[in-house]
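What follows is a short report on a single structure.
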Amino acid sequence: MQKMVLSETENGLFQAIGVAPRVDREGVQRTDKDGTPQWTVETLRRPADGSPAEVIAVRVAAAKEPHLTPMCEVIFRGLTAFYWSMETRSGISLSADEVVPASAGHSRGEKAGE
């Protein structure tokens, strides 16, 4: 698996569609290596270059479910892309250290609650 850290400012705008627990095949919520629950944040990504928008999912670990208003602009901190390959399948998955609403004064370098 290959990993690449992505820019917070050069990947266009992300709008939250919804948040759901990331679950395994038995329906049990997955956790990260520290035991923190993982969430899937489904977003509408609008690329900076004006190319067509696309729906993408980003995995985020957080003690509580991220509270995001539908279609609000969000910022992913520590956004990372992972290239994976299993037998005849391959793809890219995205994860982030944190997701915060871009509104309420949260700029791309400011933490939620500041």
Side-chain angles (χ1 to χ4, degrees):
M1 184 183 321
Q2 296 177 9
K3 174 175 139 176
M4 182 168 70
V5 177
L6 303 176
S7 168
E8 289 182 14
T9 59
E10 297 177 11
N11 289 294
L13 299 176
F14 294 89
Q15 291 177 283
I17 296 172
V19 178
R22 183 168 181 251
V23 296
D24 62 20
R25 291 182 184 171
E26 286 79 40
V28 176
Q29 186 168 15
R30 292 180 182 223
T31 60
D32 67 6
K33 64 182 180 211
D34 299 320
T36 305
Q38 291 184 335
W39 306 91
T40 298
V41 181
E42 190 172 68
T43 64
L44 177 67
R45 177 182 166 262
R46 298 185 350 220
D49 65 4
S51 56
E54 59 185 333
V55 175
I56 62 167
V58 180
R59 181 178 64 236
V60 177
K64 295 188 288 183
E65 179 177 348
H67 178 70
L68 303 170
T69 303
M71 298 313 292
C72 74
E73 184 179 338
V74 295
I75 297 168
F76 289 105
R77 300 224 171 84
L79 185 60
T80 306
F82 295 92
Y83 172 78
W84 57 269
S85 178
M86 294 172 48
E87 298 175 11
T88 61
R89 302 177 336 156
S90 63
I92 296 174
S93 65
L94 297 174
S95 67
D97 296 333
E98 181 181 22
V99 59
V100 294
S103 62
H106 297 297
S107 66
R108 292 185 189 268
E110 185 178 322
K111 285 199 168 192
E114 289 185 328

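The first residue in the sequence is number 1, and the count goes up from there.
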Nearest 0.5 Å, please: how far is OG in Ser51 from CZ in Arg45? 6.5 Å

What's the spacing between Leu94 CG and Phe14 CZ if we round to 0.5 Å? 7.0 Å

side-chain contact (heavy atoms from CB on, under 4.5 Å) between Phe76 and Thr43, worked out: CA-CA 11 Å; Phe76 289 105; Thr43 64; 3.7 Å; yes

What heavy-atom pair brings Ala62 and Trp39 nearest, and what distance separates the two atoms? O-NE1, 2.9 Å

So if you build clusters from Ile, Leu, Val, Met, Phe, Trp, Tyr with side-chain heavy-atom gaps below 4.5 Å, do Val55 and Leu6 land together? no

Full working for side-chain hydrogen bond (donor to acceptor under 3.5 Å, both in side chains) between Asp34 and Thr36: CA-CA 6 Å; Asp34 299 320; Thr36 305; 5.3 Å; no

Linked, directly or transitively: Val41 and Val5 (ILVMFWY side chains, under 4.5 Å): no

Val99 and side-chain contact (heavy atoms from CB on, under 4.5 Å): which single residue from Leu79, Leu68, Val58 fits? Leu68

Might you point out which heavy atoms bring Pro47 and Ala53 nearest each other, and give the distance in Å? CD-CA, 4.0 Å

Spacing of CZ belonging to Arg30 relative to OG1 belonging to Thr40, to within rounding of 0.5 Å: 9.0 Å

Which atom of Ser95 lies closest to which atom of Phe82, heavy atoms considered: OG-CE1, 3.0 Å

Could you give the side-chain donor-acceptor pairs of residues 15-28 under 3.5 Å, partners two or more places apart or in another chain?
unit_1 : atom_1 : unit_2 : atom_2 : d
Gln15  : OE1    : Arg46  : NH1    : 3.0
Gln15  : NE2    : Met71  : O      : 3.2
Arg22  : NH1    : Gln38  : OE1    : 2.5
Asp24  : OD1    : Glu26  : N      : 2.9
Asp24  : OD1    : Gly27  : N      : 3.1
Asp24  : OD1    : Val28  : N      : 2.9

When rounded to the nearest 0.5 angstrom, what is the spacing between CD in Glu42 and CG in Leu44? 9.5 Å

Using 0.5 Å steps for rounding, measure from the OG atom of Ser93 to the CH2 atom of Trp84. 8.0 Å

Examine distances only and state if a side-chain atom of Thr80 and a backbone atom of Gly78 form a donor-acceptor pair shorter than 3.5 Å. yes

